[in-house]
Amino acid sequence: MRQILALILALLMAAPAAAQGIPATMQGVEARKLFGAVSTGSPHRADAFGSYAKGCGAGLVQLPENGATWQAMRLSRNRNWGTPELVDYLQDLSKDAARLPGWNGIYVGDMSQPRGGPMSSGHASHQIGLDADIWMLPGTDLRLSRNARENLSSISLRRGNGAYVNGNWTAQHMELLKAAASDRRVARIFLFPGAKAWMCDNATGDRRWLRKIRPWWGHHYHFHVRLSCPRGMKGCVDQAPPPPGDGCDEARKWVSDIVNPPPPDPNAPAPTPRRQLTMEDLPRQCVTVLQSR
Ligand SMILES: [Zn+2]
């Protein structure tokens, strides 16, 4: 009896703790390959597990490819999935956009894969159905063909490597960003620093919405909206809120660092290359999300 117990104990110890509950076929496999191979949502109540850059989504739903005031772009990628909260939010924002001069709605870029998770290309986040990219190109033609949606390009709004806006920038872009950031469901919006600095200089009236607009690299062909974890999604990990205030000093610092790059810090540690996530890195619920038919 004691020998049997010892044997069982030895077997349990032999399985690495991190791999427990993960089928052998999934152990050590890059999660982006597993999530990228699934083309439909999971048959669960909508839920987000983990964090924006390390997680997955159950019961995600599709933003319909076409709406009166939006179109989902790059349909071949099958990344127009999100929590119901994200889909509602995008539809609401698209109505705000349709009221702006020169806009009939929005073009929506990447959201999440059908079950969230890491992607094979393009993003570290967008993993739990709460992130979406909105094109800077005004949505004028909302009857684009599938083919046009593969080939049309957005427009860049940046000049000077992101320190300034260019001639494509309009006051309507600020109005859209203001509407996007003023929504209580939003946690953060990522945008190139020159655009935030422009809005810091030009926004009048209530400026509290500026706090949620965060300067970031890239993000000049689209802006990136990130929603907070919806109420009741207990496995969803929120990011810390942005620091208090409008964040304009921070945006100006980004701009000045682009214009006059600080000398490299000789003591800075070498950047570690980013490792591809495996199923062991994700919340254990993601195994169930992935396996369900
Ligand atoms: Zn994004």
Side-chain angles (χ1 to χ4, degrees), residues 31-32 35-36 48 50-57 60-63 70-83 85-94 97 105-139 149-150 152-158 162 168 173 176-177 179-181 183 185-196 199 212-230 236-242 247 251 254 274 276-277:
R32 59 179 182 168
F35 281 94
S51 59
Y52 301 96
K54 198 181 278 188
C56 63
L60 298 185
V61 293
Q62 273 181 301
L63 175 71
W70 75 86
Q71 287 205 291
M73 305 300 280
R74 305 285 191 264
L75 297 171
S76 65
R77 296 183 184 175
N78 198 22
R79 291 178 179 173
N80 56 323
W81 296 77
T83 56
E85 286 79 3
L86 181 63
V87 170
D88 286 348
Y89 169 83
L90 291 169
Q91 293 176 342
D92 291 346
L93 180 64
S94 75
I106 52 174
Y107 295 140
V108 180
D110 283 356
M111 297 164 57
S112 288
Q113 301 176 123
R115 302 191 188 193
M119 293 183 183
S120 58
S121 64
H123 310 273
S125 64
H126 290 249
Q127 294 192 21
I128 55 176
L130 294 170
D131 294 281
D133 291 339
I134 318 282
W135 281 26
M136 297 299 195
L137 179 69
R149 286 185 239 186
E150 294 299 320
L152 185 67
S153 293
S154 188
I155 51 171
S156 171
L157 301 185
R158 83 173 176 183
N168 291 327
H173 284 101
L176 182 61
L177 284 155
D183 192 299
R185 291 169 286 191
V186 170
R188 289 170 181 248
I189 291 176
F190 300 101
L191 178 69
F192 71 100
K196 166 124 190 193
M199 297 192 296
K212 288 186 188 171
I213 310 248
R214 311 299 301 160
W216 206 249
W217 294 279
H219 296 91
H220 52 106
Y221 285 98
H222 67 255
F223 63 93
H224 173 153
V225 177
R226 169 167 295 169
L227 301 192
S228 304
C229 289
C236 179
V237 181
D238 270 311
Q239 194 174 358
W254 275 73
R274 204 193 302 152
Q276 293 299 337
L277 299 176

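Start at 1 and go down the list; that is how both ligands and their atoms are numbered. All of these numbers come straight from a predicted model, not from anything done at the bench.
Ring geometry for Trp254 against Trp216 counts as tilted: the plane angle lies between 30° and 60°, on a 0 to 90° scale. Using cut-offs of 30° and 60° for the angle between ring planes, the His224 and His219 rings count as tilted.
Taking 2.8 Å as the threshold, His123 does not count as a candidate ligand of the Zn ion (ligand 1), since none of its N, O or S atoms lies below it. Residue contact annotation: Asp133 places an N/O/S atom under 2.8 Å from the Zn ion (ligand 1). For His126, the nearest N, O or S atom to the Zn ion (ligand 1) falls under 2.8 Å.
Restricting His224 to its N, O or S atoms, the one at the least distance from the Zn ion (ligand 1) is ND1.
Aromatic rings from Trp135 and Trp70 are positioned such that their centres are separated by 6.0 Å or more.
A donor-acceptor contact shorter than 3.5 Å links the side chain of Gln127 to the backbone of Gly55.
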